[in-house]
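Some notes on the structure that comes next.
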Amino acid sequence: MKVRDVVFSRSETFDLLVTVCGYEERSQYVSRVSAEATRHVAIDYCSAGIGAYDDNRSVLESTEAELHEEEHALELIQLAVTDGSRIRVDISSMRRSTIAAVVDALQSAQGERDIQFVYSPAAYEASASAVADHLTLSAGPVSDAFRGDLRPSSVPVGLVAGLGLEPHRIMGLTELLEPDEVWAFVASSDDTRFQQDARRVNQLTLDDPHTRTLMYDIRSVAETYLAVDSLVFAAAPRRRLVLAPSGPKIFTLVCLLVAASQREHRPAVWRVGPASTVKPTPLEAAGDVVAAEVNFRSPVPVVL
């Protein structure tokens, strides 16, 4: 798998644009600032009356975009890959489980294909206000496709975590998994407030002697992919790795791409989040768009 950063172009045309129709205000930002695609498929999260969902749905219907349930949308994506279509996928407002399903569908498709992923960062004020404290959390593989390879329990656990603004989330996961080493990735961007607050709420994790802290740039998918891929390549043979990407969804995409590209010692990708439904906070777009081209190739069959 190859990943390279590209400049987001408002005038570049695509055969298929994939977005979601959800409650976040930014869920249609990319489609509004992009040239009209030949076909626009939006995965419908059916959130009537919640946040900006109704407005987003009205906009999509006025532009003749197609709203589909996730399973049908994934089938359309695979058909588009088979047809050699040029595809852009906006992950800005996608659930992490949806991003996992899209990556798995693209990795499973036959042939070689270049897919453009785009991400519109949320305005910091909206991100900070969306954080809920004192929630009961659940943790586990983001999907069956990303459970990781089954390995002996004698192999120690290693945790690769993306730090967000949620207090105690990664600390709780550390207590659950009891890893012998933690690699904590902290996002950096032009707005330093996220980095400062992520460090503050995760200070206990960062102060642990078994934790190594690394920085990643949310505006460089390629550099982040290289960093995580290199870490997994070096650590996976001697550890059962769990990738737990909280924080910006760019890191979720990277973790899924790294896991999907591994042929042996595949790490698991976990979602850590609220165990029950919480009141959503609509997230506004910060105004810029990060873009990257990912080259997928069909897995080479193993000859026994």
Side-chain angles (χ1 to χ4, degrees), residues 16-34 36-37 39-77 88-103 105 117-140 142-143 164-167 169 194 197 245-250 252-253 256 270-290:
L16 175 64
L17 171 64
V18 181
T19 65
V20 300
C21 182
Y23 64 78
E24 293 183 1
E25 292 182 14
R26 65 169 172 167
S27 67
Q28 291 309 310
Y29 179 77
V30 168
S31 61
R32 290 200 307 269
V33 300
S34 300
E36 185 174 350
R39 189 177 191 181
H40 180 180
V41 169
I43 298 172
D44 191 357
Y45 285 156
C46 301
S47 307
I50 300 177
Y53 174 83
D54 294 335
D55 290 339
N56 288 333
R57 187 180 180 92
S58 296
V59 170
L60 287 167
E61 291 175 341
S62 69
T63 60
E64 299 184 351
E66 304 172 33
L67 277 74
H68 296 287
E69 293 182 353
E70 183 175 303
E71 184 176 355
H72 188 202
L74 293 172
E75 293 174 355
L76 294 176
I77 292 172
R88 171 181 275 172
V89 180
D90 176 18
I91 67 168
S92 306
S93 297
M94 281 187 179
R95 297 168 182 164
R96 297 179 201 277
S97 59
T98 301
I99 303 174
V102 170
V103 170
F117 287 92
V118 295
Y119 171 72
S120 173
Y124 176 77
E125 290 79 4
S127 296
S129 65
V131 176
D133 199 356
H134 306 300
L135 294 171
T136 300
L137 300 176
S138 66
V142 67
S143 72
L165 299 177
E166 304 84 1
R169 181 170 291 190
F194 180 93
D197 284 352
S246 289
K249 289 177 183 173
I250 279 293
T252 297
L253 174 64
L256 291 165
W270 278 28
R271 174 195 174 273
V272 185
S276 58
T277 303
V278 297
K279 182 180 179 181
T281 302
L283 297 180
E284 301 174 2
D288 58 335
V289 179
V290 179

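Note that the structure is predicted; figures quoted are calculated from it, not measured.
- At least one side-chain heavy atom of L16 sits under 4.5 Å from a side-chain heavy atom of V41.
- The heavy-atom pair separating S246 from V272 by the smallest distance is OG-O, 4.4 Å.
- Under the rule for a side chain to side chain donor-acceptor pair (under 3.5 Å), Y119 has no partner lying at least two apart in sequence or in another chain.
- The backbone N or O of V118 lies less than 3.5 Å from no partner atom in the side chain of R88, so there is not a single donor-acceptor pair.
- With contacts defined as side-chain heavy-atom distances shorter than 4.5 Å, the pair P121/D288 qualifies.
- Looking at heavy atoms from C-beta onward, H40 lies in side-chain contact with L60 at the 4.5 angstrom threshold.
- Scanning both residues, A52 and E25, for their nearest heavy atoms gives CB-CG, 3.7 Å.
- Sorted by first and then second residue, the salt bridge (charged side-chain N to carboxylate O under 4.0 Å, His left out) pairs with a member in residues 42-67 read R39-E66, D44-R57, R57-E61; sequence neighbours excluded.
- Between P248 and F194, the closest side-chain pair of non-hydrogen atoms falls below 4.5 Å.
- With contacts defined as side-chain heavy-atom distances shorter than 4.5 Å, the pair I99/L256 qualifies.
- If you take CD on E71 and CG on L76, they are separated by 11.0 Å, rounding to the nearest 0.5 Å.
- Side-chain contact between D90 and Y29 is absent, with no heavy atoms from C-beta onward closer than 4.5 Å.
- For the pair T19 and S27, the tightest heavy-atom approach, listed with the atom from each and the gap, is CB-O, 4.3 Å.
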Practice task
Start with the C-alpha distance between I43 and T98, add both sets of side-chain angles, then the distance that settles side-chain contact (heavy atoms from CB on, under 4.5 Å), and finish with yes or no.
Solution key: CA-CA 9 Å; I43 298 172; T98 301; 3.7 Å; yes
Exercise for the section: Please step through side-chain contact (heavy atoms from CB on, under 4.5 Å) for the pair S138 and R271, ending with a clear verdict. Expected result: CA-CA 8 Å; S138 66; R271 174 195 174 273; 3.8 Å; yes
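- Side-chain polar atoms of R26 and S120 form no donor-acceptor pair below 3.5 angstrom.
- Distance check: S92 OG to E24 CD gives 8.5 Å after rounding to the nearest 0.5 Å.
- Residues M94 and V89 have side chains in contact (heavy-atom distance under 4.5 Å, counting atoms from C-beta outward).
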Handout entry: side-chain hydrogen bond (donor to acceptor under 3.5 Å, both in side chains) assessment of S31 paired with Q28
Key = CA-CA 5 Å; S31 61; Q28 291 309 310; 2.8 Å; yes
Handout entry: Full working for side-chain hydrogen bond (donor to acceptor under 3.5 Å, both in side chains) between Y45 and S93
Key = CA-CA 10 Å; Y45 285 156; S93 297; over 6 Å; no
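- Rounding to the nearest 0.5 angstrom, the gap separating the CZ atom in R95 from the OG1 atom in T252 is 14.5 Å.
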